[in-house]
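Structure first, commentary second.
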Protein chains: 2
Amino acid sequence: MSNKPTAAAIPGNTIGRLSLYRRLLQELLAQGTRQVYSHQLARLAVSTPSQVRRDLMTIGFSGSPRRGYTISELLANIEGLLARSIETSVALVGVGNLGRAILAYYANRQPVRFAAAFDRAPEKTGRILHGCRCYPVSEMAEVIAREQIHVGVIAVPAAEAQGVADQLVLAGVRGILNFAPVRLHVPAGLYVEHVDLMMALDKVAYYAHQQVEQQDSSR
Amino acid sequence: MSNKPTAAAIPGNTIGRLSLYRRLLQELLAQGTRQVYSHQLARLAVSTPSQVRRDLMTIGFSGSPRRGYTISELLANIEGLLARSIETSVALVGVGNLGRAILAYYANRQPVRFAAAFDRAPEKTGRILHGCRCYPVSEMAEVIAREQIHVGVIAVPAAEAQGVADQLVLAGVRGILNFAPVRLHVPAGLYVEHVDLMMALDKVAYYAHQQVEQQDSSR
DNA sequence: CTTCATTTGTGAAACTGTTCACAGTGTGAA
DNA sequence: TTCACACTGTGAACAGTTTCACAAATGAAG
Ligand SMILES: NC(=O)c1ccc[n+]([C@@H]2O[C@H](COP(=O)([O-])OP(=O)(O)OC[C@H]3O[C@@H](n4cnc5c(N)ncnc54)[C@H](O)[C@@H]3O)[C@@H](O)[C@H]2O)c1
Ligand SMILES: NC(=O)c1ccc[n+]([C@@H]2O[C@H](COP(=O)([O-])OP(=O)(O)OC[C@H]3O[C@@H](n4cnc5c(N)ncnc54)[C@H](O)[C@@H]3O)[C@@H](O)[C@H]2O)c1
């Protein structure tokens with residue numbers, strides 16, 4: 001296989017921060033700012049100048065020593081990298097409380113397009129929610145192929161998640177964002193990102209409590 | 001300050017995995033299983049036996065070479081560590097689409113208790129949603145002190161998030177779980193966890209695309 | 001043109017987290 | 001009681017990430 005120097009497997013943490021930089025740069029640009037220094041971006045991202053420079057170095061972007069980085073160029077660079085020029089089409093499975101909130105949030109929001117939603121319950125299918133048509137699960141393979149969907153978002157109950165993941169994989173999806181509180185097993189090479197609210201809250205609660213204890217013991 | 005050996009600052013990744021183990025152990029116990037080996041837990045958590053053993057070593061828990069770990073003891077240990085014996089009381093700010101989904105999800109779910117919700121919109125306050133009373137923002141400081149709330153969950157629009165965070169900090173909260181797509185500035189020592197859906201989707205989209213490209217180029 | 005202040009780009013160090021490899025150990029079998 | 005096995009506990013190697021420190025570059029000012 002021929003390895004282009006461009007496709008050099010950027011680590012996940014860096015991708016996450018680039019996603020954040022993109023939002024910040026979009027805001028700056030909207031405010032009319034043209035140039036930005038690493039320390040400015042770092043302050044906005046609650047990070048360090050070194051980290052910012054290292055990240056931009058990772059994607060091969062260069063600034064000018066006295067002027068900093070040109071926002072429009074940097075933004076184009078990051079967007080090209082994250083979106084790979086074509087808009088990402090996404091499918092949602094599970095149009096419950098969380099699923100509807102997600103659809104509402106991403107409605108008309110670049111650069112992600114929810115091209116289809118799926119639900120098992122007949123009363124949810126057939127409608128259009130926030131610009132996204134809801135299909136019965138039986139049509140999943142067909143719709144995902146037709147709409148060229150490469151990413152699936154799972155928002156079904158925990159017991160259903162693995163089954164839905166299997167269906168998505170079978171339908172040709174390459175990456176999954178999973179909100180159900182179970183770890184999914186997928187074939188090697190496919191990418192799964194877990195968003196686990198219970199875990200997130202446990203983390204906050206743990207460190208918050210630790211704070212309280214340290215405060216108590218230091219008096 | 002006297003440093004007890006117990007309060008040895010466990011890394012965030014480990015806390016996250018412990019939270020996951022807890023759920024898995026609860027399920028196993030409900031199924032009537034009494035003992036578990038590191039490789040079994042690892043398979044359920046989509047991890048490795050080494051990782052599991054290292055994590056349990058970090059919290060100072062020991063199993064038996066031939067029998068593995070006693071689930072009830074391990075569970076008690078993890079729960080004691082995460083919850084610190086008292087149930088965590090949490091406040092939600094922003095009862096919109098996401099806020100309501102979160103309330104619905106955590107309703108009656110151990111070990112987190114949503115003790116109060118706050119919203120700026122008068123039509124949302126005064127009611128009880130999923131067992132959680134919704135107050136106007138003006139009562140935040142009072143209610144948070146009264147209910148002994150140490151953790152805040154932010155689900156307001158991005159532009160409002162920093163202001164809400166400041167109010168929560170002022171009210172005495174020690175940790176924040178933030179769903180708004182901005183990085184929060186808080187006084188040193190307080191803990192903030194960001195759940196950034198845009199970032200999560202960007203990551204999945206990036207790696208899914210990379211998959212597609214590698215497949216294309218390897219043919 | 002030269003100087004100066006400032007910021008970038010980056011090798012290397014420091015740090016953090018994960019995996020390996022195996023000695024140590026409790027258990028059940030004989 | 002002794003043996004052999006399968007698993008745990010853990011030091012050490014390894015891998016990945018962040019931070020440091022400074023040479024090189026740039027533009028502005030005199
Ligand atoms: N609501 C939250 O804030 C929240 C937070 C964290 C995690 N989660 C997780 O997200 C998931 C969904 O949560 P929710 O609150 O939206 O639940 P919900 O019960 O409101 O919605 C679930 C939806 O999935 C559909 N569904 C069930 N099985 C299906 C299947 N096999 N194929 C297709 N559709 C199916 C149901 O018809 C329903 O519409 C759960 O796993 C939950 O644990 C939710
Ligand atoms: N809906 C999602 O799935 C989703 C996903 C990712 C991120 N988010 C983020 O979560 C946040 C909320 O999303 P949403 O979809 O629920 O929005 P929403 O507009 O439905 O709800 C926002 C709620 O916050 C209240 N509010 C606004 N300003 C406030 C203030 N200063 N104090 C108290 N309450 C205030 C509003 O009255 C409203 O009820 C946003 O920042 C959004 O970017 C949402």
Side-chain angles (χ1 to χ4, degrees), chain A residues 5 8-21 25 28 33-71 73-74 77-78 183 188 191 194 199 203 206-207, chain B residues 5 8-21 25 28 33-75 77-78 183 188 191 193-194 199 203 206-207 210:
Chain A
I10 298 169
N13 276 359
T14 305
I15 294 291
R17 285 191 299 266
L18 288 171
S19 169
L20 173 58
Y21 299 157
L25 292 169
L28 287 173
T33 318
R34 316 258 118 213
Q35 303 284 137
V36 70
Y37 296 123
S38 58
H39 67 260
Q40 298 177 307
L41 206 45
R43 191 162 29 74
L44 293 171
V46 188
S47 179
T48 66
S50 288
Q51 183 73 84
V52 171
R53 278 185 265 131
R54 176 66 62 185
D55 288 338
L56 302 197
M57 183 185 157
T58 301
I59 64 170
F61 188 83
S62 284
S64 140
R66 266 309 281 266
R67 297 215 188 171
Y69 303 93
T70 305
I71 295 182
E73 287 175 15
L74 177 52
N77 222 289
I78 294 177
R183 276 354 211 198
Y191 185 81
H194 291 273
M199 183 186 287
K203 258 165 130 168
Y206 175 79
Y207 290 110
Chain B
I10 298 170
N13 277 358
T14 304
I15 294 290
R17 285 190 299 266
L18 288 171
S19 168
L20 173 57
Y21 300 157
L25 293 170
L28 287 174
T33 317
R34 315 258 119 213
Q35 304 285 135
V36 71
Y37 295 123
S38 60
H39 66 261
Q40 298 177 308
L41 206 45
R43 190 162 28 75
L44 293 172
V46 189
S47 179
T48 65
S50 288
Q51 182 73 82
V52 170
R53 292 203 299 275
R54 176 67 63 187
D55 288 338
L56 302 197
M57 184 185 155
T58 302
I59 64 170
F61 188 83
S62 285
S64 140
R66 269 304 282 265
R67 296 213 191 173
Y69 303 95
T70 304
I71 295 183
S72 57
E73 286 177 16
L74 177 51
L75 195 50
N77 222 289
I78 294 177
R183 279 349 213 203
Y191 185 80
E193 175 89 12
H194 292 273
M199 182 184 287
K203 258 165 129 168
Y206 175 79
Y207 289 110
Q210 194 157 271

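Chain identifiers are assigned alphabetically (A, B, ...) following the order of the sequence lines, protein sequences preceding nucleic acid strands; residue numbering begins at 1 within each chain.
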- Message: With a 4.5 Å cut-off on side-chain heavy atoms, are Leu44(B) and Val36(B) touching?
- Response: no
- Message: Quick check on dT27(C): is either OP1 or OP2 less than 4.0 Å from any side-chain nitrogen or oxygen of Tyr37(B)?
- Response: no
- Please give, in whole Å, the distance from dA28(D) P to Gln35(A) CD? 11 Å
- Reading 5' to 3' through nucleotides 10-20 of chain C, protein heavy-atom contacts under 4.0 Å coded B for base, S for sugar-phosphate only, - for none: BBB----SSBB
- Nearest-0.5 Å distance, OG1 of residue Thr48(A) to CZ of residue Arg54(A): 10.5 Å
- Can you check the Gln40(A) CD to dT6(C) P distance for me, whole Å? 14 Å
- What's the CD1-P distance between Ile10(A) and dT18(D), to the nearest Å? 14 Å
- With rounding to the nearest 0.5 Å, note down the distance linking CZ in Phe61(B) to CD in Glu73(B). 5.0 Å
- Starting from C1' on dT7(C), measure out to NE2 on His39(A) and report it in whole angstrom. 9 Å
- Nearest to the side chain of Ser64(A) - dT7(C), dG27(D), dG26(C)? dG27(D)
- Query: Looking only at heavy atoms, what is the nearest atom pair of Arg53(B) and Tyr69(B), with distance?
  - Reply: CG-OH, 3.5 Å
- Mind checking the CD1-CD spacing from Ile15(B) to Glu193(B)? Nearest 0.5 Å is all I need. 11.5 Å
- Item | For Tyr21(B), the option from Leu75(B), Ile59(B), Leu74(B), Ile78(B) that meets side-chain contact (heavy atoms from CB on, under 4.5 Å) | Ile78(B)
- Atom pair CZ/CZ of Arg67(B) and Arg34(B) - distance to nearest 0.5 Å: 12.5 Å
- Rounded to the nearest 0.5 Å, what separation is found between the CD atom of Gln35(A) and the CD atom of Gln40(A)? 10.0 Å
Between protein and nucleic acid, restricted to nucleotides 2-4 of chain C and to nitrogen or oxygen atoms under 3.5 Å apart, what atom pairs and distances do you find?
none

- Item | Separation of atom CZ in Arg67(B) from atom C1' in dA29(C), rounded to whole Å | 15 Å
- Correct closest heavy-atom pair for Ile71(A) and Leu25(A) would be CG2-O, 3.8 Å
- Taking CG from Leu56(A) and C1' from dG9(C), how many angstroms apart are they, rounded to a whole number? 11 Å
